[in-house]
Amino acid sequence: MRIVSIESFLLPPRWLLVKISTDEGIEGWGEPVVEGRAETVRAAVGELADYLIGQDPLRITDHWQVLSKGGFYRGGAVLASAVAGLDQALWDIAGKHRGAPVHELLGGAVRDRVRTYAHAGGESAEESADNAKRLVEAGYGAVKLGPLGATGFLDTPRHLDLEVGRVAAVREAIGDTHDLALDLHGRYSLPHARRLLREVEPLRPLFVEEPVLPEYTGLIGEAVRATTVPIATGERLYSRTDFLPALTAGIAVAQPDLSHAGGITECLRIAALAETFDVALAPHCPLGPVALAACLQLALAIPNFLIQEQVLGLHAPGSAPGLEYLVDTSPFALRDGCVERLTGPGLGITIDEAAVRRCSAGGHRFRSPVLRHPDGSFAEW
Ligand SMILES: [Mg+2]
């Protein structure tokens, strides 16, 4: 079998899909994207495609080596994401070629269903609590909150009260039989994060995510030691090597993104490395259906899986963009907040190519928001 063509599709709201076609008629889909930099990744995919055309798609690890390292310069969000999407598509082809879902090629299922969570959102305690209540009523066993607006280096006690109050309101709304996670999105300084962690500790969050920016991963141990709250990070780490300092610092939850950290191939290895530190995986996935399918395949195959992020509104199909790119949404059907083991070959989903071609005509120009502090200076999003 040989690869004959590689096409990419810029899809609303902020995604990029890639399709690898073979001379045997088997096609694989991947999702290579950096949110806000989709066209940059698309250019990288085009450069990497030059090598892949004519190759045997089943030599996945060898292709990963060449794509990741063969350009001499390596690493980083753009290249690792381009490789990630191509890698997902190669696994999709391998599974379809062998008539098996990808997790069977990774050693077989270690679980029957995959626990997922949804974002509660909300700008106030009341709004977040209402949203969270609706989500648990829809079956989710866990919800996540993002941080409130721009956050000062050492923001005010009032700011901390608003943030902690929102977590408390959600905890009260969902009770102690459901989980609640808090994502600080790298907006906090380490000293401000330490103050917050102490205050949310009695609310027993599942984890607090990105208490420091990825460039301060070397300091994340200070956040770990400040609290009993499990610390999570990893959506902006792109390899085993990037994860190693976080793991040695004592994080509890590693969050590689299967569309950013070298795909299924590298994330499987990140999972194995994390296991040696007694760290669980909660893969990052605010992305589309192909990225989610890749995450689910990995979750089915690794022992140290915790929970899966998703933003596709699985509890109410059509409530969020993404599922319209599938011929059949039933592989993602949610039961008690979980997706049942995917049984279809490859990634286990079927892309609606006509819908993809139609929707890619307009592309998108998604850019991450730029936040400002009250004094006009740049603030982390
Ligand atoms: Mg996050």
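Remember, it's 1-based here, ligands and their atoms both numbered in the order they're listed.
Side-chain contact check for Gln310 and Tyr140: at least one donor-acceptor pair (N or O, by modelled atom type) lies under 3.5 Å. In the model, His315 has no side-chain atom that pairs as donor or acceptor with a side-chain atom of Glu137 under 3.5 Å.
Coordination check, Glu210 versus the Mg ion (ligand 1): failed, since every N/O/S atom of the residue sits at 2.8 Å or beyond.
The atom of Glu235 nearest to the Mg ion (ligand 1) is OE1, with the search restricted to N, O or S atoms. When distances from the Mg ion (ligand 1) to the N, O or S atoms of Asp183 are compared, OD2 comes out shortest. Minimum-distance N/O/S atom of Glu209 relative to the Mg ion (ligand 1): OE2.
Under the 4.0 Å criterion applied to side-chain N and carboxylate O atoms, Arg236 and Glu209 are not assigned as salt-bridge partners.
When all heavy atoms of Val253 and Leu281 are compared, the closest pair comes out as CG1-C, 4.5 Å.
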